[in-house]
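Input: a single structure, listed below in structure tokens.
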Amino acid sequence: LADLYSIKDPLLRQQLLYGDWDAHVGQYFREWEFHVHTCTEFEIPKNWKIYLGIDWGYFPRPAVCLWFAINEYGKVYVIMELVRHRTLEDDFGKQIVEMTEKMDIDISRIEWSVIDRSCRRPSSDTGKNTIDNLTAAGVPGLFPSDSSRVPGWLCIRKLLRVHTNKNEQGEIVKSTGMQIFRHNCPYLIETLPTLIHSEKNPMDLDTDGLDDPADALRFFAKQYVGTATPDIDPTEDWLSQEMWKVVDKQSQPQANYDE
């Protein structure tokens with residue numbers, strides 16, 4: 001076991017020590033560990049706050065909605081996903097409301113919902129935009145995201161960061177700021193570890209990948225985590241450190257959602 005811990009290549013160490021074959025060369029979210037970042041479903045306490053993150057699409061890219069529950073300590077749980085192709089905005093909005101009710105969550109418990117900023121553009125036919133149509137369908141508290149990409153990915157990385165400690169028996173115990181319900185969110189779990197760095201801008205991810213659920217997660221994370229820069233772990237790779245340096249330059253406070 002000591003030999004495995006001594007392996008210098010972090011990807012090889014992750015694969016051989018933990019059997020984590022999601023880890024691969026070029027992987028964007030290298031923090032990802034399936035058994036750490038996913039969990040079995042459980043009933044959400046009534047006092048936990050609920051949020052929505054939405055990435056709009058039609059075809060070939062889907063529309064994605066993620067439901068988030070936050071416990072009293074600020075830990076994030078992704079509790080449900082809705083992925084739809086070829087679905088109109090009002091129908092997608094109604095499905096979001098229906099899914100919320102199926103989870104026995106009163107729609108009034110949703111603190112806010114955030115969606116891609118591009119959804120503010122009005123239709124040339126109706127004069128209404130995607131935010132208008134989803135709101136009319138019953139999606140509550142919907143506003144446009146801060147769409148800055150790299151700072152948003154950094155906020156996800158902060159939520160995914162794994163903390164390692166030892167329990168009273170001396171066993172290694174891992175914890176993290178976000179877990180995903182294993183059976184309710186298959187598309188997010190399937191796609192998040194497959195995303196890779198962009199060749200043109202290594203601090204961003206490659207948009208040719210299946211990044212739709214990751215975008216919905218980014219919109220939420222950027223709003224929830226905010227612009228605070230966490231301490232840089234000196235053991236992290238150089239790219240992680242360079243990415244954190246751009247947060248203050250590209251992040252803007254979100255005191256007002258209207259322009």
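Residues: numbered from 1 along the sequence shown.
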Donor-acceptor contacts under 3.5 Å from residues 183-190 side chains, at least two apart:
residue : atom : partner : partner atom : Å
N184    : ND2  : I79     : O            : 3.0

* Would you please test E72 and W48 for side chain to side chain donor-acceptor pair (under 3.5 Å) and show each step? => CA-CA 7 Å; E72 59 269 33; W48 287 18; 3.1 Å; yes
* Structure fact -> Distance col, row L210:CG vs T191:OG1, nearest 0.5 angstrom, shows 6.5 Å
* For K166 and E171, run salt bridge (charged side-chain N to carboxylate O under 4.0 Å, His left out): C-alpha distance rounded to whole Å, both residues' side-chain angles, the deciding distance at 0.1 Å, then the answer. => CA-CA 5 Å; K166 289 187 177 181; E171 301 169 325; over 6 Å; no
* Asked: Got V114 and F143 here, is their nearest side-chain heavy-atom distance under 4.5 Å?
  -> yes
* Determine whether D90 and L134 make a side-chain contact, defined as any pair of heavy atoms from C-beta on separated by less than 4.5 Å. => no
* **Joint cluster assignment, I105 & I54, ILVMFWY side-chain distance < 4.5 Å** => yes
* Yes or no on side chain to side chain contact (heavy atoms under 4.5 Å, CB included) for M178 and L160, after CA distance, side-chain angles and deciding distance? -> CA-CA 6 Å; M178 182 178 73; L160 290 175; 3.5 Å; yes
* Minimum heavy-atom distance C39-F42, with the two atoms named -> SG-CE2, 4.4 Å
* Nearest 0.5 Å, what's the OG1-CH2 distance between T194 and W32? -> 10.5 Å
* Asked: Which atom names give the shortest non-hydrogen contact between W56 and L88, and what distance separates them?
  -> CH2-C, 3.9 Å
* Asked: Heavy atoms, side chains only, cut-off 4.5 Å: are Y51 and S113 in contact?
  -> no
* Under 4.5 Å between any side-chain heavy atoms of M203 and R149, yes or no? -> no
* To do: Would you mind telling me which of N165, N167, T164 makes a side chain to side chain contact (heavy atoms under 4.5 Å, CB included) with I172?
  => T164
* Asked: Is there a side-chain contact between L142 and I115, using heavy atoms and a 4.5 Å cut-off?
  -> yes
* Asked: Same cluster for V64 and Y58 if Ile/Leu/Val/Met/Phe/Trp/Tyr side chains link at under 4.5 Å?
  -> no
* Is it the case that one hydrophobic cluster holds both I110 and L66, taking links as side-chain heavy atoms less than 4.5 Å apart, direct or via other members? -> no
* In this structure, which one of T100, I44, I70 forms a side chain to side chain contact (heavy atoms under 4.5 Å, CB included) with I50? -> I44
* To do: Answer yes or no: is there a side-chain heavy-atom contact under 4.5 Å between F181 and V78?
  => no
* Given side chains that start at C-beta, do those of H37 and Q179 come closer than 4.5 Å, heavy atoms only? -> no
* Does a side-chain heavy-atom distance below 4.5 Å link I131 with P144? -> yes
* Asked: So, for T176 and R161, which heavy atoms are closest and what is the spacing to 0.1 Å?
  -> OG1-O, 3.2 Å
* **T207 OG1 to N201 CG distance, which is reported to the nearest 0.5 Å** => 11.0 Å
* Asked: How many angstroms lie between CD in E111 and OH in Y224, if you round to the nearest 0.5 Å?
  -> 11.0 Å
* Donor-acceptor under 3.5 Å (Q27 side chain, P193 main chain) -> yes
* R61/D211 salt bridge by N-O under 4.0 Å criterion -> yes
* **Expected output: side-chain R218 to main-chain G152 donor-acceptor under 3.5 Å** => no
Can you give the donor-acceptor pairs under 3.5 Å from side chains of residues 91-98 to other protein atoms, not counting sequence neighbours?
residue : atom : partner : partner atom : Å
Q95     : OE1  : R84     : NE           : 2.8

* Set of ring pair (Phe, Tyr, Trp, His ring centres under 6.0 Å) partners for Y73, sequence neighbours left out -> none
* Structure fact -> Output for pair (D146 CG, R117 CZ), nearest 0.5 Å, gives 6.5 Å
* Could you walk me through whether F220 and V76 pass the side chain to side chain contact (heavy atoms under 4.5 Å, CB included) check? -> CA-CA 11 Å; F220 162 81; V76 176; 3.9 Å; yes
* **Pair R182 + E41, salt bridge at N-O below 4.0 Å** => no
* To do: Check the pair E33, V162 against side chain to side chain contact (heavy atoms under 4.5 Å, CB included), reporting the backbone distance first and the verdict last.
  => CA-CA 9 Å; E33 296 183 40; V162 176; 4.0 Å; yes
* With distance as the sole test, does N71 use its side chain to make a donor-acceptor pair with the main-chain N or O of G74 at under 3.5 Å? -> yes
* Structure fact -> Scanning both residues in full, the closest heavy-atom pair of G57 with A63 reads O-CB, 3.3 Å
* Show your working on side chain to side chain contact (heavy atoms under 4.5 Å, CB included) between N133 and K128 and close with a plain yes or no. => CA-CA 7 Å; N133 293 330; K128 295 183 178 181; 3.9 Å; yes
* Asked: Sub-3.5 Å donor-acceptor pair from the side chain of T126 to the main-chain atoms of S123, do we have one?
  -> no
* Asked: What do the steps show when you test R120 against D132 for salt bridge (charged side-chain N to carboxylate O under 4.0 Å, His left out), and what is the final call?
  -> CA-CA 8 Å; R120 298 174 303 169; D132 295 331; over 6 Å; no
* Decide whether L159 and W67 are clustered together by the hydrophobic rule: side chain heavy atoms of Ile, Leu, Val, Met, Phe, Trp, Tyr closer than 4.5 Å, transitively. => no
* Are Y77 and M99 grouped together when hydrophobic residues (ILVMFWY) are joined by side-chain heavy atoms under 4.5 angstrom apart? -> yes
* D106/R109 salt bridge by N-O under 4.0 Å criterion -> no
* To do: Mind telling me whether H85 and F59 have parallel, tilted or perpendicular rings, with 30° and 60° as the class edges?
  => perpendicular
* Structure fact -> Here the gap from D208 atom CG to L195 atom CG, rounded to the nearest 0.5 Å, amounts to 11.0 Å
* For Q169, does the CD atom sit with more than 12 other heavy atoms under 6.0 Å from it, leaving out its own atoms? -> yes
* Cationic N near anionic O, under 4.0 Å, R157 to E31 -> yes
* **Contact summary for F68 and G53, nearest pair of heavy atoms** => CE1-N, 3.6 Å
* Closest approach of P202 and Y28, non-hydrogen atoms and distance? -> O-CE1, 4.3 Å
